[in-house]
Amino acid sequence: GWPIDLGKDTEDKINSKLNSLNIRLKSFEEQIGISLDEARINLIVNRNNFIDSNKKLTEATNLHNHLKKSLLDRVHNLRSTRLNTCYTVNETFQNCLKLRGFRGELNFNFKERKLILKVSTKANESLRKIESFSGGEKSFSQIAFLLSIWKPMHSKIRGLDEFDVFMDQINRRLSLKLILEKVAEHPKTQTIFITPLNISKIEGINNDSVYIHEIEDPKRRNNSDNS
C-alpha cells in the first residue's frame, strides 16, 4: 500500500521513545550483568533444564510409588504367610499332643520375639509352661513342638540327637510312635535319629522304610596292658 506520512512530530516522538527504551534496556543489562540476547539464551536453556528435571521427577515419583506398593504387598504377604504358618504349627502341635492325652497351644509373641509352649497333661487342668513338667512329659512336649515346626520347613533332611534319653518308657514309646507317624507322612524326606538306647523292640520300628544302624560299643583299653 501507499506509505503513511506520520508527520515529523510523530516520528520524532517515536524515535525519542525508542532511544529512551534503549537507554533503559542498557541500564537494565548493566544491572543484571548480561545482555538481552544472553538472557534470552539462558531462558531457553533453563526452560529445557526445567522440562528435563520435571520429567525425571515424574519418573522418580512413579518409581517411588511402584516400590512403595511392592513393599506394602510384600509386607502383606509376609504377614499372611506368618499367620498361616503359625496356625499350621499350632494345629500340628495340638494334634501331636493328643496321642499322649495332652492338650496345649503355642503362643507367638512377635512384638517381644518370644514363643511360649503351654501344655496340660490332664483335661481338667489349665495350661502351664512345660518347665514345670517332669523330664518325660517335657521331652514329649518338645518332640511334639519339633514335629510341628518341621512341617512348614520342607527340609529334605532332618535329624534328632538323643531325643529320648530323659524319657520314661511310656513317653519314649509314644514319642517314637508319634515320630514314625509323622515321618511316614513325608516319604521323600530322610529323617535321622540318634539314640544311645535300644529301639529294636519299639512298635512300628520294623517298617520297611526304617533302617537301624547299630554302632559297636567302644573297646576300652586297660592301662595295665601298657606296662
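The shown structure was predicted, so the numbers you read here are calculated from the model rather than taken from an experiment.
Under the side chain to side chain contact (heavy atoms under 4.5 Å, CB included) criterion, N65 pairs with T61, not counting sequence neighbours. Under the rule for a ring pair (Phe, Tyr, Trp, His ring centres under 6.0 Å), F93 has no partner lying at least two apart in sequence or in another chain. In this structure, K138 has no salt bridge (charged side-chain N to carboxylate O under 4.0 Å, His left out) partners at least two apart in sequence or on a different chain. Under the rule for a side chain to side chain contact (heavy atoms under 4.5 Å, CB included), the partners of D52 that lie at least two apart in sequence or sit in another chain are K56. Listed by chain and number, the residues in a salt bridge (charged side-chain N to carboxylate O under 4.0 Å, His left out) with E131 amount to none (sequence neighbours excluded). Residues passing the ring pair (Phe, Tyr, Trp, His ring centres under 6.0 Å) test with F102 are F140, sequence neighbours excluded.
Put simply, OG1 on T121 and CG on L97 are 11.0 Å apart, with the number rounded to the nearest 0.5 Å. Here the CG atom belonging to N107 is positioned 12.0 Å from the NZ atom belonging to K114, to the nearest 0.5 angstrom. The distance from the CG atom of L117 to the CZ atom of F133 is 10.0 Å, given to the nearest 0.5 Å. Here the straight-line distance linking atom CD1 of I130 with atom NZ of K118 works out to 12.5 Å at 0.5 Å rounding. Separating the CG atom in N95 from the CG atom in N90 is a distance of 10.0 Å, to the nearest 0.5 Å. A distance of 4.5 Å separates CD1 of I194 from CG of D161, quoted to the nearest 0.5 Å.
Checking side-chain atoms of R158 against main-chain N and O of F193 turns up no donor-acceptor pair under 3.5 Å. T189 places no side-chain N or O within donor-acceptor distance of the main-chain N or O of K156, the cut-off being under 3.5 Å.
Side-chain contact check for L78 versus V75: every heavy-atom pair is 4.5 Å or farther apart. Using a 4.5 Å heavy-atom cutoff, the side chains of L147 and I179 are in contact. For the pair L106 and V89, the minimum side-chain heavy-atom distance is below 4.5 Å. Side-chain contact between W150 and L160 is present, with heavy atoms from C-beta onward closer than 4.5 Å.
Grouping Ile, Leu, Val, Met, Phe, Trp and Tyr residues whose side-chain heavy atoms lie under 4.5 Å apart, directly or via other members, leaves L127 alone, with no other cluster members.
Listed by first and then second residue, the salt bridge (Lys or Arg N to Asp or Glu O under 4.0 Å) pairs involving residues 89-100 amount to none (not counting sequence neighbours). Here ring-ring contact (aromatic ring centres under 6.0 Å, His included) pairs that include residues 108-127, with residues two or more places apart or in two chains, number zero. For residues 66-81, the pairs satisfying salt bridge (Lys or Arg N to Asp or Glu O under 4.0 Å) are K69-D73, with sequence neighbours left out. Listed by first and then second residue, the ring-ring contact (aromatic ring centres under 6.0 Å, His included) pairs that reach into residues 44-74 come to none, sequence neighbours excluded.
The minimum heavy-atom distance linking A144 with C96 is given by the pair CB-CB, 3.6 Å. Here the shortest heavy-atom pairing between Q94 and E105 reads NE2-CB, 4.1 Å. For I149 against M153, the heavy-atom pair with the smallest separation is O-CG, 3.0 Å.
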Which pairs of donor and acceptor atoms, one on a side chain in residues 81-88, lie under 3.5 Å apart (sequence neighbours left out)?
{"unit_1": "T81", "atom_1": "OG1", "unit_2": "N77", "atom_2": "O", "d": "2.8"}
{"unit_1": "T85", "atom_1": "OG1", "unit_2": "T81", "atom_2": "O", "d": "2.8"}
{"unit_1": "T88", "atom_1": "OG1", "unit_2": "N84", "atom_2": "O", "d": "2.9"}

> Taking it one step at a time, do I44 and N48 satisfy side chain to side chain contact (heavy atoms under 4.5 Å, CB included)?
Replying inline: CA-CA 6 Å; I44 295 173; N48 292 336; 3.8 Å; yes
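Residues F145 and L99 are members of one and the same hydrophobic cluster, defined by side-chain heavy-atom contacts under 4.5 angstrom among Ile, Leu, Val, Met, Phe, Trp and Tyr.
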